[in-house]
Amino acid sequence: MNTDVIPAPTHLRPGIGRFVVEASTSISADAPFLPLAQYLSEVLSPAIGGTLKVQKSEPLAGATSFIHFSTGDANLGEEGYELDIHPDRILIRASKPAGAFYACQTLRQLLQSEVWYIPCLSIQDQPRFPWRGLMLDTARQFLSKDFVKRYIDLLAYYKMNRLHLHLTDNDAWTLEIKQYPQLTETDRWLWQADVQKSRGVYSQEDIREIVAYATSRYVVVVPEIEMPAHSINSQLAMRDLLCPNNPWRKAKPDWKQWPEVEPGCTTWPDQNLIAAEYCMGSEKTFEFLETVLTEVMDLFPSPWIHIGGDEYLGNTWSQCPLCQARQATLAHEDSPEIAALHRNAKGDPKKYLLYRYGMRRMAKFVVAKGRIPIMWDTLAWGGKYPAGAVVHQWHPCGEQDEYEQTDVPGNPIVDAIENGHEVINSSCSHLYFDYDMVKTPLDKVYGFEPVPDQLPEDKRKHILGAHAPVWGQRPENVDRQTFPRLLALAELNWSAVGQRDWASFQRRLPSHEVRLKDFGKYLLENSK
Ligand code: ACM
Ligand code: ZN
């Protein structure tokens with residue numbers, strides 16, 4: 001009998017017999033869980049060719065086949081649940097609706113769809129980490145609204161709860177901003193005309209639809225607006241965001257100098273090229289970013305707003321009078337520890353003062369609006385960002401950053417937490433799903449431990465969870481890069497440490513290949 005649940009539940013005790021879904025099966029629920037009872041009725045509808053009857057409060061007296069949702073112990077937390085399956089009844093207990101939703105996902109996985117029965121068992125389950133995320137890079141290769149919704153369904157099925165959209169980059173700006181229609185009305189993706197790009201823009205209406213879809217599946221959509229780097233596209237759309245003496249203000253860059261290394265992926269500009277970051281000395285930059293983020297915060301109810309912050313070069317800043325004037329006012333913020341991290345930086349070693357100024361200012365803006373800023377860990381180290389800012393870790397420990405020529409602190413996660421931040425772990429050594437399966441095979445993802453050994457016990461709660469970016473993939477490649485590694489990510493995020501067992505995961509995986517086909521065309525060749 002199938003009990004191949006992924007992620008593995010915290011406690012699963014097999015029982016005897018099975019519950020058969022029949023036309024006479026009724027669903028009842030305490031008031032907070034009524035919408036979930038309705039949802040489950042729809043999920044089970046193929047079993048009987050119609051929807052099951054749903055009612056508030058207790059099961060009907062004398063009912064011989066029912067499913068009942070009730071309020072469980074507060075210890076189950078926001079997302080935990082208990083599920084008891086007997087031959088004549090299924091009891092679901094949760095303290096919050098998200099927990100009942102995850103009980104429904106477990107039921108969906110347990111259901112034998114050929115004959116519509118569910119094995120008797122008892123489960124108590126709750127996640128190890130509150131943040132279980134995937135990032136889609138819609139700026140390098142646009143992914144349609146329906147594509148994104150399909151991923152929301154997949155995330156929910158595996159009890160993942162964060163979808164991060166990388167909406168802007170050098171290549172394109174893919175979110176409609178009412179105040180600045182020029183960001184999206186010119187198809188700047190054409191500058192890579194020799195590459196077959198997937199192109200598109202989300203209208204604000206599309207985003208509302210995506211967010212509503214995700215909310216009903218307990219997935220938070222976290223938007224990312226990149227700054228100060230990875231933003232050439234918007235600077236070319238609005239030239240006064242460039243430093244005033246940047247030649248690109250007048251002449252369009254010659255993109256032929258910016259070769260493709262592989263389809264869909266630009267190389268980093270050579271140091272001799274004018275790599276553009278927003279001018280950090282000009283107030284126009286901040287007016288622009290604040291206007292954009294205000295619209296973003298109106299559209300996305302997410303408590304977290306990602307403001308990018310990775311891989312700046314700052315080459316133009318050292319030649320710009322506005323940037324230099326601002327940098328001079330920041331000299332007193334320098335410190336020997338931070339200066340030491342930048343001792344290998346190319347160009348002006350003090351350029352990080354400007355970078356930090358811009359990121360801090362935008363982070364404070366987000367905090368003032370009652371949201372939580374997230375920043376890639378780049379140079380967050382020792383950075384005195386606003387309390388509550390979340391650091392999005394991507395540098396593996398102890399390596400040099402190849403773009404910024406800065407030394408990553410011995411353990412950047414420990415460093416961020418010691419500076420008062422929570423951390424999302426997307427260490428590129430294990431969690432970049434755009435890396436191929438040779439570099440990052442399934443067992444490597446499965447074995448990843450998001451909490452570094454050095455972190456003291458009382459600080460471990462500051463690691464929110466593991467989160468996999470899928471950078472720059474064409475739509476038809478995203479499935480192949482993401483599956484089945486997403487299932488390993490789901491399990492390492494949800495299941496208790498002692499519950500993680502590679503041999504057991506491998507045994508449970510094949511039945512999921514069958515299930516995934518129900519979601520559409522899936523490319524699971526990597527798991528063979
Ligand atoms: C990153 O990979 N630049 C976050
Ligand atoms: Zn400037």
Side-chain angles (χ1 to χ4, degrees), residues 5-12 27-44 54 56 67-85 90-111 122-134 148-149 151-164 210-222 300-304 371-372 374 390 422 424 450 461 463-467 486-487 489-496 499:
V5 179
I6 293 179
T10 317
H11 299 287
L12 185 155
I27 307 184
S28 54
D30 291 355
F33 302 113
L34 262 181
L36 286 154
Q38 198 60 49
Y39 164 79
L40 187 61
S41 163
E42 282 153 29
V43 166
L44 297 178
V54 173
K56 199 169 154 204
I67 302 172
H68 182 64
F69 290 79
S70 62
T71 306
D73 195 309
N75 288 338
L76 291 168
E78 288 289 316
E79 298 182 302
Y81 65 92
E82 289 173 328
L83 177 62
D84 283 309
I85 305 174
I90 296 179
L91 303 176
I92 295 169
R93 284 179 298 277
S95 114
K96 291 281 161 42
F101 179 76
Y102 291 132
C104 294
Q105 303 317 310
T106 299
L107 275 180
R108 288 174 76 193
Q109 291 196 8
L110 289 169
L111 202 60
S122 167
I123 286 179
Q124 265 186 322
D125 202 11
Q126 63 195 119
R128 178 177 176 206
F129 291 108
W131 186 290
R132 306 178 296 279
L134 185 79
V148 172
K149 285 162 88 175
Y151 263 76
I152 290 168
D153 280 331
L154 281 159
L155 293 178
Y157 191 63
Y158 289 105
K159 303 188 176 81
M160 307 257 305
N161 62 359
R162 305 283 183 258
L163 175 65
H164 162 196
I210 288 171
V211 167
Y213 194 82
T215 304
S216 67
R217 286 155 181 80
Y218 296 87
V219 173
V220 178
V221 184
V222 180
F300 292 88
S302 165
W304 301 273
R371 309 290 183 97
I372 304 168
I374 304 179
V390 170
E422 292 183 313
I424 298 163
K461 61 177 183 293
I463 305 258
L464 297 179
H467 178 110
L486 182 93
L487 280 62
L489 175 69
E491 186 145 313
L492 81 88
N493 262 325
W494 181 280
S495 305
Q499 227 46 39

Residues in side chain to side chain donor-acceptor pair (under 3.5 Å) with [X], at least two apart?
| X | result |
| --- | --- |
| E82 | R93, Q124 |
| S41 | none |
| D125 | T10, Y81, W494 |
| Y102 | R132 |

Could you give the distance from [atom1] ([X]) to [atom2] ([Y]), rounded to the nearest 0.5 Å?
| X | Y | atom1 | atom2 | value |
| --- | --- | --- | --- | --- |
| L34 | K56 | CG | NZ | 7.0 Å |
| I85 | I123 | CD1 | CD1 | 6.5 Å |
| S70 | D30 | OG | CG | 5.5 Å |
| Q105 | Y157 | CD | OH | 8.0 Å |
| I67 | L36 | CD1 | CG | 12.5 Å |
| I372 | W304 | CD1 | CH2 | 6.0 Å |

Would you say [X] and [Y] make side-chain contact, with heavy atoms under 4.5 Å?
| X | Y | result |
| --- | --- | --- |
| I90 | H68 | no |
| N161 | V220 | no |
| L107 | I92 | yes |
| V54 | S28 | no |
| R128 | P450 | yes |
| L464 | F129 | no |
| Y218 | M160 | no |
| N493 | Y158 | no |

Requested in this report: With sequence neighbours excluded, tell me which residues meet side-chain contact (heavy atoms from CB on, under 4.5 Å) with K461.
Outcome: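 By the side-chain contact (heavy atoms from CB on, under 4.5 Å) rule, K461 matches no residue at all.
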Query raised in the report: Under the side-chain contact (heavy atoms from CB on, under 4.5 Å) test, which residues partner I210, sequence neighbours left out?
Result: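 For I210 the side-chain contact (heavy atoms from CB on, under 4.5 Å) partners, ignoring immediate neighbours, are K145, V148, I152, Y202, V221.
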Report task. Would you sort out whether L155 and L486 count as a side-chain contact (heavy atoms from CB on, under 4.5 Å), showing the intermediate values? Result -> CA-CA 8 Å; L155 293 178; L486 182 93; 3.8 Å; yes
Over all atoms of both residues, closest heavy-atom pair of [X] and [Y]:
| X | Y | answer |
| --- | --- | --- |
| G99 | A94 | C-CB, 3.8 Å |
| G77 | S95 | O-OG, 3.2 Å |
| S302 | R371 | O-NH1, 2.9 Å |
| A466 | L489 | CB-CD1, 3.8 Å |
| P7 | S495 | CB-OG, 3.6 Å |

Query raised in the report: More than 12 non-hydrogen atoms from neighbouring residues, nucleotides or ligands closer than 6.0 Å to CD on Q499, yes or no?
Result: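 Above 12, so yes.
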Requested in this report: Specify whether F69 and F33 have parallel, tilted or perpendicular ring planes, treating 30° as the upper limit for parallel and 60° as the lower limit for perpendicular.
Outcome: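 F69 vs F33 ring planes: parallel.
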Report task. Using only heavy-atom distances, determine whether the side chains of Q126 and N75 contain a donor-acceptor pair under 3.5 Å. Result ->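 There is no such pair (donor and acceptor under 3.5 Å, judged by atom type) between the side chains of Q126 and N75.
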Report task. For the pair D84 and S122, evaluate side-chain hydrogen bond (donor to acceptor under 3.5 Å, both in side chains) and give the outcome as yes or no after the intermediate values. Result -> CA-CA 4 Å; D84 283 309; S122 167; 2.9 Å; yes
Requested in this report: For side-chain contact (heavy atoms from CB on, under 4.5 Å), just list the numbers for K96 and E79, CA-CA rounded to whole Å, side-chain angles, deciding distance to a tenth of an Å, and then say yes or no.
Outcome: CA-CA 7 Å; K96 291 281 161 42; E79 298 182 302; over 6 Å; no
